[in-house]
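When reading the values below, keep in mind they use all heavy atoms of this one structure, side chains included, and skip hydrogens, waters and symmetry mates.
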Amino acid sequence: RKEKEKEKQAAERKINENLRLIGEFQHQLRIRERNASGFDKANSEVETYNRKIEFMKQVVLKLKERMNEEVKDYSEMLEEEIGVLLERMLTSKRNVVLSEDFQLQVMDSYKDESKSEGQFAVVSFAYIGGIFKVLKSHEKLQNKQYPLILDGPFSKLDAQHRQNVIDTIPSYAPQVILFSKDDINS
């Protein structure tokens, strides 16, 4: 009987030890389940953020496409306006090419880009005038008034180019202010 008692006590200790281990495992299981639930929630939030990021990437792509289209349109409009103004102000025919980053090339019929200081000044006036013309064509800006102020614009021009510029500049803006020491009547 003593032996059976010892076996019973050993079995009870084993049962108690196993119950303790079961309790500990259940506790660890609950902790892991809570952590897993937190991970699921975090994963769900990450997925939401990823969808938002992907959406914003698409928005940025569309905005870039639209901006590129508008830059191209404005570049073409500006190129055309500069060409028209150069025809009115220069005595020789020039070919105008304006890149989409608004770099201007003005070439003669021999594809030569060299210009005298006076021709360079006229090209600058045409660029400024083209910008004003394009601003006037924009729906939101066409009713705005932009004054044009020029300081010493005629110093590099010969008489013919000076007169062409004088005749053309008033069409740029509703208000033109010129500072000049040159006699514009000569």
Side-chain angles (χ1 to χ4, degrees), residues 13-89 94-108 111-115 120-151 153 168-177:
R13 278 194 304 273
K14 193 123 180 132
I15 289 172
N16 286 337
E17 178 64 21
N18 285 338
L19 288 174
R20 187 189 66 75
L21 287 174
I22 289 171
E24 193 176 306
F25 288 139
Q26 286 174 336
H27 177 70
Q28 290 296 321
L29 179 63
R30 282 192 300 274
I31 290 173
R32 287 192 170 95
E33 285 174 345
R34 277 195 305 260
N35 288 343
S37 173
F39 290 137
D40 289 343
K41 183 179 178 188
N43 282 339
S44 175
E45 288 177 5
V46 167
E47 287 175 15
T48 300
Y49 288 127
N50 283 338
R51 282 192 305 273
K52 288 179 181 181
I53 289 169
E54 190 56 39
F55 176 76
M56 291 309 295
K57 285 180 180 179
Q58 293 299 318
V59 168
V60 167
L61 182 65
K62 290 293 182 190
L63 288 173
K64 282 182 179 179
E65 287 172 4
R66 183 169 179 200
M67 184 182 75
N68 288 338
E69 289 170 10
E70 288 192 15
V71 164
K72 184 178 183 222
D73 291 345
Y74 283 116
S75 175
E76 289 171 359
M77 287 171 44
L78 184 56
E79 179 180 283
E80 184 178 326
E81 291 296 340
I82 291 170
V84 168
L85 292 170
L86 282 177
E87 281 184 32
R88 290 171 55 189
M89 291 188 284
R94 297 290 172 148
N95 183 37
V96 175
V97 177
L98 186 67
S99 66
E100 288 183 16
D101 64 345
F102 299 96
Q103 296 295 315
L104 181 64
Q105 283 184 310
V106 179
M107 296 169 279
D108 63 17
K111 306 277 189 226
D112 184 15
E113 285 189 75
S114 61
K115 295 176 266 317
F120 184 80
V122 171
V123 169
S124 297
F125 292 139
Y127 200 110
I128 293 167
I131 291 171
F132 273 91
K133 297 282 188 182
V134 169
L135 285 173
K136 286 181 188 178
S137 72
H138 193 280
E139 183 180 324
K140 292 180 181 178
L141 301 174
Q142 63 190 196
N143 294 325
K144 303 282 183 192
Q145 297 212 4
Y146 302 95
L148 175 62
I149 302 169
L150 298 170
D151 185 10
T168 305
I169 283 181
S171 69
Y172 286 9
Q175 183 179 18
V176 179
I177 300 169

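- Of all heavy-atom pairs between Ile82 and Val96, the closest is CG2-CG1, 4.0 Å.
- Atom CZ of Phe25 is separated from atom CZ of Arg32 by 9.5 Å, given to the nearest 0.5 angstrom.
- Once rounded to the nearest 0.5 Å, the distance linking CG of Leu135 with OH of Tyr74 reads 8.5 Å.
- A heavy-atom distance below 4.5 Å is not found between the side chains of His27 and Glu24.
- You'll find the side chain of Arg66 stays beyond 4.5 Å of the side chain of Leu63, heavy atoms only.
- Scanning both residues, Phe102 and Tyr127, for their nearest heavy atoms gives O-OH, 2.8 Å.
- Heavy-atom minimum distance, Thr168 versus Met89: OG1-CG, 3.5 Å.
- Side-chain contact check for Met67 versus Val71: some heavy-atom pair is nearer than 4.5 Å.
- From Glu33, atom CD reaches atom CG of Asn35 across 10.5 Å, with rounding to the nearest 0.5 Å.
- Residues Leu19 and Asn16 are in side-chain contact: their nearest non-hydrogen atoms beyond the backbone lie under 4.5 Å apart.
- Taking OG from Ser171 and CZ from Arg88, the interatomic distance works out to 4.5 Å, rounded to the nearest 0.5 Å.
- Under the 4.0 Å criterion applied to side-chain N and carboxylate O atoms, Glu17 and Arg13 are not assigned as salt-bridge partners.
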- Task: Mind running side-chain contact (heavy atoms from CB on, under 4.5 Å) on Leu150 and Phe125 for me, showing each step along the way?
- Result: CA-CA 10 Å; Leu150 298 170; Phe125 292 139; 4.0 Å; yes

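- Counting all heavy atoms, side chain and backbone alike, Lys136 lies closest to Ala173 at NZ-N, 4.1 Å.
- Listed here is the closest heavy atom pair of Ser75 and Ser99: OG-O, 3.0 Å.
- Taken to the nearest 0.5 Å, the CG atom of Leu85 stands 12.0 Å off from the CZ atom of Phe132.
- A donor-acceptor pair under 3.5 Å links the side-chain atoms of Glu79 to the main chain of Leu98, judged by distance alone.
- Taking each heavy atom of Val106 and Arg94 in turn, the nearest pair found is CG1-CB, 3.6 Å.
- The closest side-chain heavy-atom distance from Asn68 to Lys72 is not below 4.5 Å.
- In this structure, CG in Leu21 is found 11.5 Å from CD in Gln28, a value given to the nearest 0.5 Å.
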